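Computation of the quantities below employed the complete heavy-atom set of this structure, encompassing side-chain atoms and omitting hydrogens, waters and symmetry-equivalent molecules. Order of the sequence lines sets the chain letters (A, B, ...), proteins ahead of strands, with each chain counted from 1. Just so it is clear, the model here is predicted, and its values are computed rather than measured.
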Amino acid sequence: MSKYQPQEFEDKWYSYWLQQQFFKSVPDEREPYTIVIPPPNVTGVLHMGHMLNNTIQDVLIRRARMKGKNACWVPGTDHASIATEAKVVAMLKDKGISKKDLTRDEFLKYAWEWKEKYGGIILEQLKKLGASCDWDRTAFTMDPHMSEAVIDTFINLYKKGWIYRGVRMVNWDPQGKTAVSDEEVIRKEVNQKLYYINYKVVGSESQKDGKTESHEDEKPQVVIGDDEKQEVLAVQDELLPDLPTPVLTDSKDYLTIATTRPETIMADSAICINPNDERYTHLHGKKVLIPLINREIPVILDEYVDMEFGTGCLKVTPAHDLNDYQLGQKHNLQVIDILNNDGTLNESAQILVGIDRFAARKKIAVMLEEAGSLAKTEDYKSQIGFSERTDAVIEPKLSMQWFCKMSEMAKSALDVVVNGEVKLIPEKFINTYRHWMENVKDWNISRQLWWGQRIPAWYNEKNEWVVAKTEEEAKAEFEKAGLTYTELRQEDDVVDTWFSSWLWPISVFNGIAEPGNEEINYYYPTNDLVTAPEILFFWVARMIMAGLEWRQEVPFRNVYLTGIVRDKLGRKMSKSLGNSPDPLDLIEKYGADGVRIGMLRSSPAGNDLMFDEEHCKWGSSFGNKIWNAFLLVKGWEVDDSLECPNNIAIEWFKSRFNQALVEIEDNFGQYRLSEALMSTYKLVWDDFCAWYLEMIKPAYQKPIDRHTYNVTISYFEDILKLLHPFMPFITEELWHDKLFGERGEKDCCIVAQMPANGEVNTQLISDIDVVISIIGQVRNVRSKNQLSPKESLQLSGKINSGIDYSHYIGVIQKLANVSEFSFVDAKVNGAVAFMAYTDEFFVPLELNIDVETEKKRLEDDKVYLTGFLKSVNAKLSNEKFVANAKPEIVENEQRKKADAEAKLAVVEASLAALAN
RNA sequence: GGGAGCAUAGCUCAGCUGGUUCAGAGCAUCUGCCUUACAAGCAGAGGGUCACAGGUUCGAAUCCUGUUGCUCCCA
């Protein structure tokens, strides 16, 4: 064996595990332990967030497997309708094909081809990380049975009255030409301009009762600016009235509004002022004219208007602003949509038709200025929404959408988190979760895309519609309803990807179509879900809803929320910043094991991870340490004639190991994975390598006795097991070394059983703590006096405690390089002295002891101990303390007192001796 | 503007139900070692008013209130 080179064996073991089908799970009599992967976007490539997330899942699943559970980790991807469709559209564009020229089926054919070619990349990358997923179960949200589940649940909810159609203001992405959810809108602060625009007031009172006001009695007219839909709720022509020639009784009479969006003035329906605003009482009941197009709109009153902001006059544009929309509904205003789906102005705008919204903004500013209607402009900063997928500025847009009612499902989904049926880790996310669930809005589930599950709604020529699984069933529905049709047309839109993935924990086991099947009964509910807090709401919460709805049971018991992986500067890792290392490069450089533990090290649940490559380096150093410890043991020759001199070391490590086992178990129980890793790390590096191996190590080229050798090998094997979930590759590689004897085909670390808990000799552990302190102080004496470690020293001990050092002399001599150890009854003059616990030790040196330095050191000790004792005494003499504190705490204080007094006595005696 | 969270060593974070003079770990820094498993190492050292101000308590990094600063979510 040579140096530690993880790259040399990682692929080998991964293939072997696959070949032996160790990741495979089928229901059996064992207790199941199940994780479903948060399905990564099928277009995705592995990024650091996935690395962290999947490392955690793999640690959990490997540990469960080694604890005798039937571990099942279901992998897969989601179809990511927006992202995938965008990629396919881009690919087609490169080929000179426009989506518009394709039929739905043609387009989908290209999309599937694309998916087959690129869709599996991320899963292949996970294998490099060591992910022990049951790949035979790899699922895709558009697999036939998964899609069928989506359609069935859609119909089911529709029948329940929880799915409906409605006009809503949606976040429209004009580039992706799709509605996106609030969660997919990224708000950024942007420098803008505030345009101050004058609207002429229509002055004459006589006009007030005129024809133009009659619309207030009518139903509000709504224009859906969706040029892909035939369906509009009003006829556009009605919104293109003959422009009345403005008659201004007083040309100086105008009001000024402030807006960042002058291009939308053509869509204005009113000007709103605060009724309490004394500046504008003269405008009550008046009408004004929109500049450039001279359309007349009323001045309305509402306390919603902030008198402080802008001019106090608010242009109301119901079609293009959510707040204005609500205001418009309240005041029964016209809704005029002047934008096409691609962000260009439509006919309703009357001017600048066909021009992009941003170009139109610049142009209209000039036009307004020329018309004398632009009062001024000001710089202004505000938050603008951008599409997460395309980075286009989001356009609030009215659109006919499918919605899923949330209120009832949200209530149950909140209950199970509040009552602990589903635990969020860390718990602090409960508050956020509650806040969201209590303020939940209905879920907009339609997507204006083709890639995904097509909504099972069918329309006749009159746009009357029914919901049904097939065309035949739809026809039957029509007939049942007494509606006529000549031909039916299926809804073009697909449902939101989350409407597939909320079924994930159920549908991967085909639990919708066959709710009683063996797999779903065995694996569901799953155990742990590992995901990012940013999708707590729109994925986790909805999975809980779906679980309760279709299985009357939560989908998982625990939700482990990881943090966001950031760079050293705390910036989120992103492609655009280029601050994310390529995970596969990291694996190449540091080994998968090194990267895994590097990521885990400083990422407690729910906390962001400030990623630094140094962590991976640390990880691979640890691998190196284990490797070298192994080389040491492997190099030993055994001599059967030797007695075992290492009983203390052997017994001590066994106790330490068992102690650590409990700690690690406890850490896992609380999902403190980094703590569990650190406990393991310290056990291996400090206790095993630095102390145990040094204690038992035979002198150079000397053989070791059989007993120590065998025990050490079994310790090593136990350590490999403990390490395996964190570092699967190096542990498997070493597991198969001849050192451990012949291994059968199936005898692998990955399926070995975790060591069972054993006894802990706490007395021995605390004795060895003292021994370790003695060794450290002897080394320190050497170091302070610039003596070589090779130079052996003499050591005498004046024992005041009850510790029986006779057992430990050997260890002390070996590790502190002490040639002679003796017990003394009195202080040794002219020697360097130190204390360990309450015992005194002396190292005679052939040099002058600086009395003053020694005195100083003892004085310092004395000050410390006196202070310590004082604080302890203060507590113990405090009646309230003795009365209120728990008995074991009082007891502990008494022990502290006794110890401190003993130590202080020793220090004082030493000082007295020095004074002589 | 509304809600939530965070603030501990140069950095990243522990510190769990208040209870050793409690202020800890790793990394980084500094000093000394190429001591034959490991320089990806070994032996040592320095480093913090636990953001600030009050309060509760016998006792506060820990609980409460306020202030400041940062982050996230929502409008």
| query | Tell me, for nucleotides 20-25 of chain B in 5' to 3' order, what letter each nucleotide earns: B for a base near a protein heavy atom under 4.0 Å, S for only sugar-phosphate near one, - for neither? | reply | BB---S
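When the C1' atom of B/rC33 is taken as reference, atom CD of A/E791 falls 15 Å away, rounded to whole Å. Distance A/Y700 OH to B/rC38 C1': 15 Å, rounded to the nearest Å. Going from atom CZ of A/F537 over to atom P of B/rA4 covers 13 Å, rounded to whole Å. In this structure, A/L536 atom CG and B/rA4 atom P are separated by 16 Å, rounded to whole Å. Between the NZ atom of A/K441 and the C1' atom of B/rC73 there is a distance of 12 Å, given to the nearest Å. In this structure, the CD atom of A/E675 is 13 Å from the C1' atom of B/rU12, given to the nearest Å. B/rA39 atom P lies 14 Å from atom NZ of A/K617, rounded to whole Å. In this structure, A/Y590 atom OH and B/rC27 atom P are separated by 15 Å, rounded to whole Å.
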| field | Base-pairing string, 5' to 3', of RNA chain B - Watson-Crick or wobble, under 3.5 Å, | interstrand | value | (((((((..((((.....[....)))).(((((.......))))).....(((((..]....)))))))))))).
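Ring geometry for A/F841 versus A/F834: interplanar angle under 30°, hence parallel rather than tilted (30 to 60°).
The main-chain N or O of A/M695 is found under 3.5 Å from a side-chain atom of A/K814 such that the two form a donor-acceptor pair.
B/rA9 and B/rG2 are spaced 37 Å apart, taking the C1' atom of each and rounding to whole Å. Rounded to whole Å, the C1' atom of B/rG18 lies 13 Å from the corresponding atom of B/rC64.
Within 6.0 Å of NZ in A/K896 there are more than 12 heavy atoms belonging to other residues, nucleotides or ligands.
Residue contacts for A/Q701: at a heavy-atom cut-off of 4.0 Å it reaches no nucleic acid atom on any strand shown. Across all strands shown, A/R782 has no heavy atoms under 4.0 Å from either base or sugar-phosphate atoms.
Taking the ring centroids of A/F729 and A/F9, they lie at or beyond the 6.0 Å cut-off. Ring pair A/Y715/A/F653: centre-to-centre distance below 6.0 Å.
Map A/E694 and A/N667 each onto its nearest nucleotide of RNA chain B; the residue landing nearer the 5' end is A/N667. With RNA chain B read from its 5' end, the first of the two nearest nucleotides for A/Q5 and A/C689 is the one closest to A/C689.
Here the rule is ring pair (Phe, Tyr, Trp, His ring centres under 6.0 Å) with A/W627, and of A/F622, A/Y4, A/F716 only A/Y4 fits it.
Of all heavy-atom pairs between A/L904 and A/K862, the closest is CD1-CG, 3.9 Å. Among all heavy-atom pairs drawn from A/A836 and A/V770, the shortest one is CB-CG1, 3.9 Å.
The listed nucleotides are B/rG3, B/rA14, B/rA37; the one nearest the side chain of A/K697 is B/rA37. Closest approach to the A/T432 side chain among B/rC27, B/rA4, B/rA40 is made by B/rA4 (side chain taken as heavy atoms from C-beta onward).
Using a 4.5 Å heavy-atom threshold, the side chains of A/Q7 and A/E588 count as touching.
Ionic pairing of A/E637 and A/K702 is not present here: no N-O contact between side-chain nitrogen and carboxylate oxygen is shorter than 4.0 angstrom. Using a 4.0 Å cut-off between charged side-chain N and carboxylate O, A/D687 and A/K682 make no salt bridge.
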Protein-nucleotides 41-43 of chain B N/O pairs under 3.5 Å:
{"residue": "B/rG41", "atom": "O3'", "partner": "A/K625", "partner atom": "NZ", "Å": "3.3"}
{"residue": "B/rC42", "atom": "OP1", "partner": "A/K625", "partner atom": "NZ", "Å": "3.0"}
{"residue": "B/rC42", "atom": "OP1", "partner": "A/W685", "partner atom": "NE1", "Å": "2.8"}

